[in-house]
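So that the names make sense, note that chain A is the first sequence line, chain B the second, and so on, each numbered from 1.
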2 protein chains.
Amino acid sequence: MSAVEKAFHGLRHMIGTGRLGPGERIPPEGELCEELGVSRGSLREAVRMLAALGVIEPRHGSGTYVSQLRPEDVIGSLSLTLELLPLSGLLEVYEIRRVLEAHVAAQAAARCTPETVRTLFSLIEDMEATSDPTEASELDHRFHAEIARVGGNPTLATLLAVFRARSRKYQVFTLPEGPDLRRKSDDDHRVLATAIADRDPVAAAGAAQSHVAQTERWLRAFMPPVEETGDGD
Amino acid sequence: MSAVEKAFHGLRHMIGTGRLGPGERIPPEGELCEELGVSRGSLREAVRMLAALGVIEPRHGSGTYVSQLRPEDVIGSLSLTLELLPLSGLLEVYEIRRVLEAHVAAQAAARCTPETVRTLFSLIEDMEATSDPTEASELDHRFHAEIARVGGNPTLATLLAVFRARSRKYQVFTLPEGPDLRRKSDDDHRVLATAIADRDPVAAAGAAQSHVAQTERWLRAFMPPVEETGDGD
DNA sequence: ACTCGAAAGTCATCTGATGACTTTCACTGT
DNA sequence: ACAGTGAAAGTCATCAGATGACTTTCGAGT
């Protein structure tokens with residue numbers, strides 16, 4: 001086993017066995033180097049790996065701390081890499097997103113409060129009122145994030161936020177067809193918000209699913225022509 | 001921006017813009033250090049971060065290569081960290097797993113072939129025949145993996161495999177109640193496989209969902225008594 | 001009791017040197 | 001001409017030492 005791997009697994013083991021708990025500060029570099037039997041350079045590389053994965057968090061001048069180890073912490077690390085995926089792979093992600101958006105919509109319908117309804121329709125009105133595609137995209141994000149929040153599962157809400165962030169990079173609303181797409185999108189939002197307000201989980205799930213499916217079709221339409229070069233390695 | 005961040009974002013940008021494509025070898029450390037304006041140590045830390053995230057892959061003596069950038073590549077990185085989550089956070093993950101297992105079961109029911117049916121029932125028979133909890137757990141994994149594979153979305157199959165790997169760490173089948181749990185689990189499997197064989201997506205989804213929910217209840221029952229200390233930061 | 005500054009502790013970075021592994025290619029023997 | 005062998009170049013892996021930057025702590029002074 002290489003030195004970096006030794007340090008990486010050693011640290012992971014300390015956290016996994018509870019020797020280092022969430023939020024706790026880990027020993028300084030010098031001590032860990034001695035205990036793990038690696039140089040500072042190798043240890044630092046292992047620390048960076050765990051930091052990239054959302055497990056620990058170095059603070060310059062203070063020390064290195066274990067994260068809270070909530071699912072959101074480690075899922076957030078996906079946001080750094082998901083945007084590197086080619087569009088072809090992204091469509092598989094969309095199938096997952098479609099299923100999960102439908103689920104949170106149904107959950108939100110079952111749990112929604114009058115205040116939630118007010119918030120959702122307020123966001124819709126702002127969305128319909130603005131002409132700035134960037135602002136519209138931002139409001140769209142907040143609309144879906146609110147539904148996910150009401151759904152009651154922070155981990156799932158984070159996961160969907162990561163998926164959406166990737167989609168937003170495409171900025172479909174800035175295309176020549178943008179206004180048409182936005183009109184259709186706004187309609188979808190009203191149907192979805194109404195289903196939630198009616199506390200109708202089945203209708204909400206259906207509306208959310210077809211909304212995501214619509215976005216998926218747009219991306220398909222605007223993605224570069226399919227390359228039939230089998231992606232064999 | 002720190003030196004490591006500079007290198008990290010620089011590399012990520014090269015990959016994101018296509019200057020470095022999937023499978024391609026990236027320039028040697030020396031060149032990248034000069035181009036990015038950081039020392040070798042800082043560059044190596046950035047490389048390790050991207051490697052931990054499944055984006056690049058260093059090969060000793062040969063060079064460092066961009067991964068294929070399939071969704072599975074980056075999702076696989078979660079398997080290193082998901083097992084560090086405390087059980088409380090894991091239950092949120094279970095809700096996601098439940099929804100997605102139901103979806104792949106329905107998909108599998110819609111797409112299944114006679115060969116799939118044979119494979120599934122063969123696995124079930126092996127599962128019922130063995131008395132070794134570890135082997136049973138392994139067969140259970142293969143059973144669900146086969147369904148996910150037939151579901152047709154490799155990304156989703158990988159994601160579910162990661163979730164299951166975390167659950168298997170608990171080894172519920174080795175508990176005193178293990179035999180009872182296994183009997184119930186085996187029944188669930190037969191119901192699920194039958195629904196798939198009948199090409200009945202609705203029944204398959206329901207069976208998968210209740211199977212996961214059952215596992216979830218077992219974990220809840222065996223998890224340490226709930227700590228009511230509100231987890232506010 | 002409060003403010004300020006020095007000192008200690010810790011992470012961040014750079015430089016240089018050496019080792020290990022892979023790949024390439026010229027050389028040698030058949 | 002061909003195959004096998006071994007040396008050499010290229011590349012990543014690791015270590016060691018020194019310096020800088022930032023945070024926290026604590027004591028002196030007001």
So what does B/Gly63 hit on the nucleic acid, given a heavy-atom distance under 4.0 Å: a base, only sugar-phosphate, or nothing? sugar-phosphate
Remember a base hit wins even if backbone is also touched, and classify B/Arg59 as base, sugar-phosphate or nothing at under 4.0 Å, heavy atoms. sugar-phosphate
Can you tell me which residue among A/Arg44, A/Lys6, A/Glu5 is in a side chain to side chain contact (heavy atoms under 4.5 Å, CB included) with A/Val38? A/Lys6
Name the residue from A/Val93, A/Thr81, A/Leu82 that meets the side chain to side chain contact (heavy atoms under 4.5 Å, CB included) definition with A/Val162. A/Leu82
How are the rings of B/His211 and B/His189 set relative to one another: parallel (under 30°), tilted (30 to 60°) or perpendicular (over 60°)? perpendicular
Between [Y] and [X], is there a salt bridge with N-O shorter than 4.0 Å?
{"X": "B/Arg168", "Y": "B/Glu83", "answer": "no"}
{"X": "A/Glu146", "Y": "A/Arg149", "answer": "yes"}
{"X": "B/Arg164", "Y": "B/Glu101", "answer": "yes"}

To the nearest Å, give me how far apart [atom1] ([X]) and [atom2] ([N]) are.
{"X": "B/Leu32", "N": "D/dT11", "atom1": "CG", "atom2": "C1'", "answer": "12 Å"}
{"X": "A/Glu34", "N": "D/dC15", "atom1": "CD", "atom2": "C1'", "answer": "15 Å"}
{"X": "A/Glu31", "N": "C/dG9", "atom1": "CD", "atom2": "P", "answer": "12 Å"}
{"X": "B/Ile26", "N": "D/dG10", "atom1": "CD1", "atom2": "P", "answer": "18 Å"}
{"X": "B/Glu45", "N": "C/dC11", "atom1": "CD", "atom2": "P", "answer": "12 Å"}
{"X": "A/Met1", "N": "D/dA13", "atom1": "CE", "atom2": "P", "answer": "16 Å"}
{"X": "A/Glu5", "N": "D/dT14", "atom1": "CD", "atom2": "C1'", "answer": "14 Å"}
{"X": "B/Leu43", "N": "D/dT11", "atom1": "CG", "atom2": "P", "answer": "14 Å"}

Start at the 5' end of DNA chain D and walk down; is the nucleotide closest to A/Tyr65 or to A/Lys6 reached first? A/Lys6
Tell me whether the OP1 or OP2 atom of [N] has a side-chain N or O from [X] closer than 4.0 Å.
{"X": "B/Arg44", "N": "D/dC12", "result": "no"}
{"X": "A/Thr64", "N": "C/dC11", "result": "yes"}
{"X": "B/Ser42", "N": "C/dA12", "result": "no"}
{"X": "B/Arg40", "N": "C/dG16", "result": "no"}
{"X": "A/Ser62", "N": "D/dT23", "result": "no"}

Would you indicate whether the side-chain heavy atoms of A/Val47 and A/Phe8 approach each other to under 4.5 Å? no
Bend of the helix from C/dA1-D/dT30 to C/dT30-D/dA1 from end-axis comparison, five pairs per end, nearest 10°, comes to 10°
